[in-house]
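These notes concern the structure reproduced below.
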Amino acid sequence: MVETFVTQSPSKEEVMAVVAACQEGMTIVGTKFETSEYFIGDLIFSGELMNRTMSILRPLMIANNARKMGTIVLGTVKGDLHDIGKNIFKCMAEAAGFEIYDIGFDQPPSAFVEKVKEVKPDIVGTSALLTLALDSVRNTVKALKDAGVRDSVRIIAGGNPITPQFCDEAGVDAYGGSAANGIKICLGWVKK
Ligand code: B12
């Protein structure tokens, strides 16, 4: 299906409509998991489908963008294997002209610190879907501080359990919300 769709030269708007429909599908999967209609195997299957879909759509999302707006080190924090939202943010940020260093999922604070020291980004983006991973976001900010690189970057945190209150308390500069909202915030930072 998606393979056929990409051969029909869709516009960026049409591609984004497919991404949005897939996101809605993932919300339905989550609800069915909560009500025990779906099981862990369904989560795994839906996750694989979504990541595969994103890898097919990615070239269309980032096509024809030569501008370089800034650099982002991005990763899902330690203890959390969810990477679909991170991957969507990555594609949309690339489409907006950012250079992304994606360090992957289940990444300890030290991995963020090492990458920041190596590539000196403008922004660090964390993703966390598990409530249990909120401590990892806190620890990531603390590790950047302890390594003396905190003030060289802006930090944005995304994922459902993140709230503006949490960001204030954890020392995160911005609450990401949706990927689209996160891009707006990041563009605002690099344009200043
Ligand atoms: C798919 C899925 C999985 C897959 C993940 C596959 C993968 N490659 O990611 C697998 C099978 C691995 C999985 C495992 C588990 N999962 Co799960 N999973 C889901 C599910 C159904 C969808 C998540 C998803 O991809 N959503 C779609 C994306 C697009 O949305 P998103 O991630 O929120 O991202 C958007 C924004 O948040 C934002 N964003 C995200 N990151 C970032 C970063 C930045 C910088 C910015 C700006 C924005 C941003 O942009 C995105 C687009 O707008 C959710 C249900 C749900 N409703 O979310 C449960 C869910 C997250 N999982 C849950 C649970 C409990 C688990 C398990 C513990 C289950 C178990 N018993 O083993 C394990 C934990 C494993 C681990 N250690 O991480 C719970 C979490 C509850 C909680 N609050 O802690 C949920 C909410 C299901 C539920 N309703 O109970 N899961």
Side-chain angles (χ1 to χ4, degrees), residues 15-55 57-58 61 69-96 98-108 112 115-116 121-137 140-141 144 153-164 166-167 170 172-190:
V15 173
M16 290 316 296
V18 171
V19 174
C22 292
Q23 274 181 241
E24 246 174 73
M26 297 307 286
T27 306
I28 295 170
V29 172
T31 308
K32 287 186 185 277
F33 179 70
E34 269 173 34
T35 55
S36 303
E37 197 179 328
Y38 277 6
F39 300 101
I40 187 70
D42 300 297
L43 288 193
I44 296 171
F45 183 59
S46 65
E48 281 174 5
L49 271 183
M50 183 73 190
N51 268 340
R52 192 165 134 59
T53 303
M54 286 309 298
S55 66
L57 296 177
R58 185 168 175 265
M61 290 170 77
M69 301 302 298
T71 312
I72 305 178
V73 165
L74 178 68
T76 301
V77 297
K78 187 170 169 51
D80 201 324
L81 305 178
H82 297 86
D83 67 351
I84 295 167
K86 167 183 75 60
N87 294 343
I88 290 179
F89 175 74
K90 174 184 171 177
C91 288
M92 289 175 65
E94 283 176 333
F98 285 96
E99 188 175 355
I100 306 292
Y101 291 89
D102 180 359
I103 62 171
F105 55 83
D106 192 15
Q107 289 300 313
F112 283 88
K115 206 64 189 174
V116 166
D122 303 293
I123 297 165
V124 170
T126 64
S127 184
L129 268 273
L130 297 177
T131 310
L132 280 174
L134 289 177
D135 266 347
S136 298
V137 178
T140 301
V141 178
L144 290 167
V153 294
R154 308 301 274 274
I155 304 177
I156 183 165
N160 268 341
I162 307 289
T163 61
F166 168 82
C167 290
V172 169
D173 296 309
Y175 159 67
S178 68
N181 189 58
I183 304 297
K184 273 190 211 149
I185 295 168
C186 293
L187 282 172
W189 283 339
V190 295

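Numbering of ligands and ligand atoms starts at 1, following listing order. Note that the structure is a prediction, hence the values are computed from the model and not measured.
- Of all atoms in ligand 1, listed by their number and element, those nearer than 4.0 Å to a heavy atom of Thr126 are 43 (C), 44 (C), 45 (C).
- At the top of the distance list for atom 83 (N) of ligand 1, counting protein heavy atoms only, stands Thr131 OG1, 2.8 Å.
- Between the side chain of Glu34 and the backbone N or O of Lys32, no donor-acceptor pair lies under 3.5 Å.
- In plain terms, the two heavy atoms of Cys91 and Arg58 that are nearest each other are SG-CG, 3.5 Å.
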For Phe105 and Val77, run side-chain contact (heavy atoms from CB on, under 4.5 Å): C-alpha distance rounded to whole Å, both residues' side-chain angles, the deciding distance at 0.1 Å, then the answer. CA-CA 6 Å; Phe105 55 83; Val77 297; over 6 Å; no

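- Every atom of ligand 1 is numbered from 1 in the order shown, and the set under 4.0 Å from a heavy atom of Met26 is 1 (C), 21 (C), 22 (C), 25 (O), 26 (N), 27 (C).
- At a distance under 4.0 Å, no protein heavy atom can be found next to atom 86 (C) of ligand 1.
- Interface atoms of ligand 1 facing Gly182, defined by a heavy-atom separation under 4.0 Å, are 47 (C).
- Distances from atom 17 (Co) of ligand 1 under 2.8 Å pick out these protein N/O/S atoms: His82 NE2.
- Between Pro161 and ligand 1 there is no heavy-atom distance shorter than 4.0 Å.
- At least one heavy atom of Ile44 lies less than 4.0 angstrom from ligand 1.
- Annotation for Phe89 and Cys186: closest pair CZ-SG, 4.1 Å, computed over non-hydrogen atoms.
- Across Asp83, Val29, Ile84, a single residue satisfies side chain to side chain contact (heavy atoms under 4.5 Å, CB included) together with Met50, and that is Ile84.
- Protein non-hydrogen atoms do reach within 4.0 Å of atom 61 (C) of ligand 1.
- Using a 4.0 Å cut-off to heavy atoms of Glu34, the atoms of ligand 1 that qualify are 88 (C), 89 (N), 90 (O).
- For the atom pair CH2 of Trp189 and CD1 of Ile123, the computed distance is 6.0 Å after rounding to the nearest 0.5 Å.
- Remark: side-chain polar atoms of Asp173 are paired, donor with acceptor, to backbone N or O of Ile155 under 3.5 angstrom.
- Looking at every heavy atom in both residues, Ile162 comes nearest to Cys167 through CG2-SG, 3.6 Å.
- Remark: Asp102 engages Lys86 in a salt bridge, criterion side-chain N to carboxylate O under 4.0 Å.
- Comparing Gly75, Ala128, Gly85 by heavy-atom distance to atom 28 (C) of ligand 1, the nearest is Gly85.
- Remark: side-chain polar atoms of Asp80 are not paired, donor with acceptor, to backbone N or O of Ala128 under 3.5 angstrom.
- Interface atoms of ligand 1 facing Ile40, defined by a heavy-atom separation under 4.0 Å, are 69 (C), 70 (C), 72 (O).
- Of all the heavy atoms of Ile88, the ones lying under 4.0 Å from any atom of ligand 1 belong exclusively to the side chain.
- Residues Ala174 and Ile185 share a closest heavy-atom pair of CB-CG2, 3.8 Å.
- The distance from ligand 1 to the heavy atoms of Gly177 drops below 4.0 Å at these ligand atoms: 36 (C), 38 (C), 48 (C).
- Residue Ser178 approaches ligand 1 through these ligand atoms, each under 4.0 Å from one of its heavy atoms: 50 (O), 53 (O).
- In this structure, Lys115 is not positioned above the aromatic face of Tyr101 in the sense of NZ or CZ being under 6.0 Å from the six-membered ring centre and within 45° of the axis.
- Using 4.0 Å as the threshold, Met50 has no heavy atom nearer than that to any atom of ligand 1.
- Using a 4.0 Å threshold on non-hydrogen atoms, atom 79 (C) of ligand 1 does not count as touching the protein.
- Among Phe45, Phe105, Phe89, Tyr175, the residue whose heavy atom lies closest to atom 47 (C) of ligand 1 is Phe89.
- Shown are Val116, Leu74, Ile72; of these, the side chain to side chain contact (heavy atoms under 4.5 Å, CB included) with Pro121 is made only by Val116.
- Here atom 44 (C) of ligand 1 lies nearest to Gly158 when heavy atoms of Gly158, Ala133, Ala179, Ala174 are compared.
- Neither the backbone nor the side chain of Thr76 has any atom closer than 4.0 Å to an atom of ligand 1 (non-hydrogen atoms only).
- Between His82 and the options Leu130, Asp106, Leu43, Asn87, a side chain to side chain contact (heavy atoms under 4.5 Å, CB included) holds for only Leu130.
- For atom 67 (C) of ligand 1, the protein comes within 4.0 Å by no heavy atom at all.
- Distance remark: protein heavy atom present below 4.0 angstrom from atom 76 (C) of ligand 1.
- Here atom 39 (N) of ligand 1 lies nearest to Gly159 when heavy atoms of Cys22, Gly159, Ala20 are compared.
- Distances below 4.0 Å separate heavy atoms of Asp83 from the following atoms of ligand 1: 7 (C), 8 (N), 9 (O).
- Atoms CD1 and SG, on Ile88 and Cys22 in that order, are 7.5 Å from each other to the nearest 0.5 Å.
- Nearest protein heavy-atom neighbour of atom 52 (C) of ligand 1: Gln23 NE2, 3.4 Å.
- Checked by distance only, ligand 1 and Ser127 come closer than 3.5 Å through their nitrogen or oxygen atoms.
- For ligand 1, the polar-atom distance check against Thr27 finds no nitrogen or oxygen pair separated by under 3.5 Å.
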